[in-house]
Structures are given as C-alpha cells and as structure tokens.
> 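Pasting a structure below so you can have a look.
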Amino acid sequence: MLSLDFIRKNSDLVRRAAELKGEPAPVDEILRLDKLWRGHQRNAETIKAEQNELSKQFAKTRDEALKERLRQMADTAKSELAVAEAVKRELDDLLLRVPNVFHGSVPIGETEAENVVVREWGSKPDLGFAPRTHFDLGEALGIMDFERAARVSGSRFAFLIGEGARLERALVQFMLDVHTLEHGYVEVWPPMLVNSASMVGTANLPKFADAAFRVEGRDLWLIPTAEVPVTNLHREEILDADRLPLKYVAYAPSWRTEAGAAGKDTRGFIRLHQFSKVELVKVTSAETSLDEFEQLTRDAEDVLQRLGLHYQVMAMCTGDMGFAQYKKYDLNAWAPGLDRFLEVSSCSTFNDFQAMRANIRYRPGRGTPPKFAHTINGSGLALPRTIDAIIETYQRSDGMIRVPDVLKPYMGGVELIGAR
RNA sequence: GGGGAGGUGGCUGAGUGGCCGAAAGCACCCGCCUGCUAAGCGGGUAGGGGGUGUAAAGCUCCCUCGAGGGUUCGAAUCCCUCCCUUCCCGCCA
C-alpha cells in the first residue's frame, strides 16, 4: 500500500498513476476521512492526556467529586476514540485499494499492444517441417492427458504421465539447482495454504479474492503463487540491513480460479487451475531494489537460455502492469507449434508497496529507525508453458521430442521422449 | 481430540492494580581509561500514531507487554473469548 502520509503529500501523483494504470483510486475519499479521523483522534487524545494527569491526582487525594468527573471523561474519551477508530478502519480499507505508483521508466500505455520489447534472445527455430502443437504431440505420445483430467477434476486441469511427468520433475530440479547453486538463492519449501493476512500482504486481497481458491469454513487460501508465502516469510519483522538482500527460491504448485479468463487458452497446457512454478523472491533495501530487480530478471532469463528457448523480454506498460507492481517484465518464450510467444515468467518489483502491507522492515544502521523493505519476485520459471515451448521447439518430424542437453542429467537416461 | 504450562523490547527474562513502556543480563552504540588486546568505568538503545516544525532534529501528547472485548478513576497485572507456542496422553502419513 501507499502510506497515508505519501498520499497526503502526493495526491495528484497518486491520482495520475492510478488513471494511467486504469485503476480506480479513492484519493478524495481518503483525504476526507483522513481529516475526519485526525479530528476525532485529536479530541480523544486531548481528553486522555487530561484524564491521565487527573487520575494521578486522584490516586493521592481520593476525592469523590474528582472520581465522578474522571468517570465522565473516560466515557467521553471512549466514545470519541470509537468514532476515530471506525473512521480509521474505513480509511485503512480504502488504503488497501489504492494502486501502487510506477517507476519513471515504465512505458505509458493502455493495453498490451503498448508493451515494449526490451530485448530478445535467440531466434525462431526453423524445424524444416510444419511444427505441431504441444497438446497434439503430448496426447499422441501419451505424456499429457486432458480428457481424463476433465473427468477427474474438470476443465483446466491436466495429467502429465510417464516421461511427461518426468520432464516436469526434471525441470523443477534443474531450475532449483541453477538458482541455488549458481545464482545464490536459498531454497524454501513453503506452506501452500496461507491466511488472509498474508494474502493482504502481497496485495492478492482484498482486490483479487476472485482469483484464488478459498478453503471452506477456514481462514485459508490456496496459494495463487509461491510469492505469497515466501514474501510473507518475514512479515512483522525488522531485519538487519547487513542480511539484505534476502534471496529465496521456492518450488510450489500455484492455484488460480482463472475467473474472467473464460474462453481464453482453453486448449492445451497453458492456463490451468493448478500449475507448478519455481518462484524467485527478494527482499532488499530501498537503494538496491531496482538493480536487484534487473538481476532477478536476468536470473530467470538464464534458465531460458540454458534450455535453448527463444524468448523476448517485454516491459509492461502502465495499463497492463497491474495494481501492485512498480515495474514489471514478462518473459515470453517462443512456441513454434502455437506460432506465438507464451508468457513463462513475470518479474516485478513493488517498491515498499507489499512490505508496508506485510510490515517487513529493516534497520539501515545502528540506532536509526526502521524502514520498509522493498520486495521483488519473478517466476524462474512457470512450468507448463516452459514445457510447451520445449516440446514444440525440440520436436522431431516423427513426433518424438529431444531432451535439451541441460535436462539430460535429470531425465534418468531418457534422451528422446517417445522412443521407448 | 483431552489435560497441563506459557506468550513481555534485537535476544534471555523479572514484574500480580497507580511509583512500569517495563528490573536485570546479553548484544550493540558513544565516551573515559589501559602503550596493543582483554578487562574495567560512565552514558545510550522498543514500535506506531497525533500535534508543532518547509524538512530533518527537537519538543509534546496518545496508543502498544499475542489479538479482541470487559471490570476500574487507573490494567502487562483481574475477568471473558480467540489465536499461537510447548509438554503429556490419544490418533495418524
């Protein structure tokens, strides 16, 4: 969230940022409630101060008339405070609904058409034959099964079977190894159900309740991404500055309702209610967050390069970047069979927007007051679409799939999927 | 699931109605002292918010001892509810 103080001092900036993001921002209502709250707060405090003073007197004098007066003061203070608190609750709720501002380098635009490709790696492979889609190949090879998944669970679920399941496990292992052994991230195995406070911390609540699955009768949500538990790992903490940046990598399934995605990507292993993801999360100081964000993006790209997948890095424009993000890149991998790019990673930096919600702070130096940390995350990478890109890029004209070199050590001797 | 114990500052931990936002120790910071190190001596160090400062500093007030409610002129301290931790028993991958 943005601090009340920041909104007071930069109301025009906040209004303008929200407009460019295409998000509503109740700035005027916030400023109105702020005045109201402070008025009542002040009244309550003034009475309280006097009451505290007189109460000390009473302890000595035991004067009955004073006692009666104190009783009345306590009542007045209490009711005044109750009003202040009610207004403050309303105010806090609105604050959670104000979108983040964005960095000066973010392209201004309304739709994805105005996103900007900042770099590309590799090129579209020429397979020498008409490439088939991953679902066509996957079903033919018996490594993907959507029909049975629909019977077992419903639409937007999938089975991976045999070498398909093995490929997924190999990718997870490979990615975790790259990030822990070579990029310096600490591996985390997080809870996959989280409470509402954590969902608020990462800004998945209150605005995006529809996007997540909730456990009936409990204050628990299936994580829409490992970002939620891992970013909240240090909620309500004050961290030592010399421990920063914290770098975590977590493998976890992600669950999403895909509300509002009706009709989109209904075919194939692309948009599912459950999918695996290896997630990168950093907690940094304010000074280093932009550099750390760029590096995290490079760390995710490294995985694509090692897999030999053609991809582009897309800077999201204001209208497409989202409520909480301060700056965001998507990594899109080329899928020859689908003849389009697939979003396999989304890397974002949030400034202190999430840290304020989750109350994650650090102390810049001895004896200095704590500051809110900056949080960053990105997929490194999301599994299904990476699998799609691999299958479609490494397919042979006979319908079998070569295993990328870097995955061979993880595939238990399988070098060609479908050969067995 | 049943029963016991407990949740206090960066950490350990004392505190059962006002003298307590809180003893003591550890850690850390500043200064003194010793030719260096260690030791020693003195001082400092919770968070949030309101008001006043252009801002920082400062000053001042309010709130916070797991969370919420209650009793009381006054609550870390008494009462109720909830959450969490831990131990014993039961169950279980």
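Chain letters run A, B, ... following the sequence lines, proteins first, then strands; residues in each count from 1.
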> Looking only at side-chain N and O atoms, does A:Asn52 come under 4.0 Å of OP1 or OP2 in B:rC62?
yes
> What is the separation between atom CG on A:Asp219 and atom P on B:rG68, rounded to the nearest whole Å?
16 Å
> Between the side chains of A:Arg256 and A:Glu258, is the shortest nitrogen-to-carboxylate-oxygen separation below 4.0 Å, so that they form an ion pair?
no
> Rounded to the Å, how far apart are A:Arg235 CZ and B:rG66 P?
18 Å
> For the residue pair A:Phe293 and A:Tyr329, categorise the inter-ring angle as parallel (less than 30°), tilted (30 to 60°) or perpendicular (more than 60°).
parallel
> Determine the interplanar angle of the A:His183 and A:His179 rings, folded into 0 to 90°, and report it as parallel if under 30°, tilted if 30 to 60°, perpendicular if over 60°.
tilted
> What is the distance from CZ of A:Arg218 to P of B:rC82, rounded to the nearest Å?
15 Å
> Looking at A:Arg42, I'd like to know whether one of its side-chain N or O atoms comes within less than 4.0 Å of OP1 or OP2 on B:rG51.
no
> With A:Glu45, which residues qualify under side-chain contact (heavy atoms from CB on, under 4.5 Å), at least two apart?
A:Gln41
> Given that both distances must come in under 3.5 Å, which nucleotide forms a Watson-Crick or G-U wobble pair with B:rG6?
B:rC84
> Starting from C1' on B:rA75, measure out to CG on A:Leu70 and report it in whole angstrom.
16 Å
> Do the side-chain N and O atoms of A:Asn195 and A:Ser198 include a donor-acceptor pair separated by under 3.5 angstrom?
yes
> Between protein and nucleic acid, restricted to nucleotides 15-20 of chain B and to nitrogen or oxygen atoms under 3.5 Å apart, what atom pairs and distances do you find?
from   : atom 1 : to      : atom 2 : distance (Å)
B:rG18 : O6     : A:Arg62 : NH1    : 3.2
B:rG18 : O6     : A:Arg62 : NH2    : 2.7
B:rG18 : N2     : A:Ser55 : O      : 3.4
B:rG18 : N2     : A:Ser55 : OG     : 3.0

> Write down the distance between CD (A:Glu236) and C1' (B:rA46), rounded to a whole number of angstrom.
15 Å
> Going by an N to O cut-off under 4.0 Å, is there a salt bridge joining A:Lys371 and A:Glu287?
yes
> Find the distance A:Arg363:CZ to B:rG47:C1' and express it as a whole number of Å.
9 Å
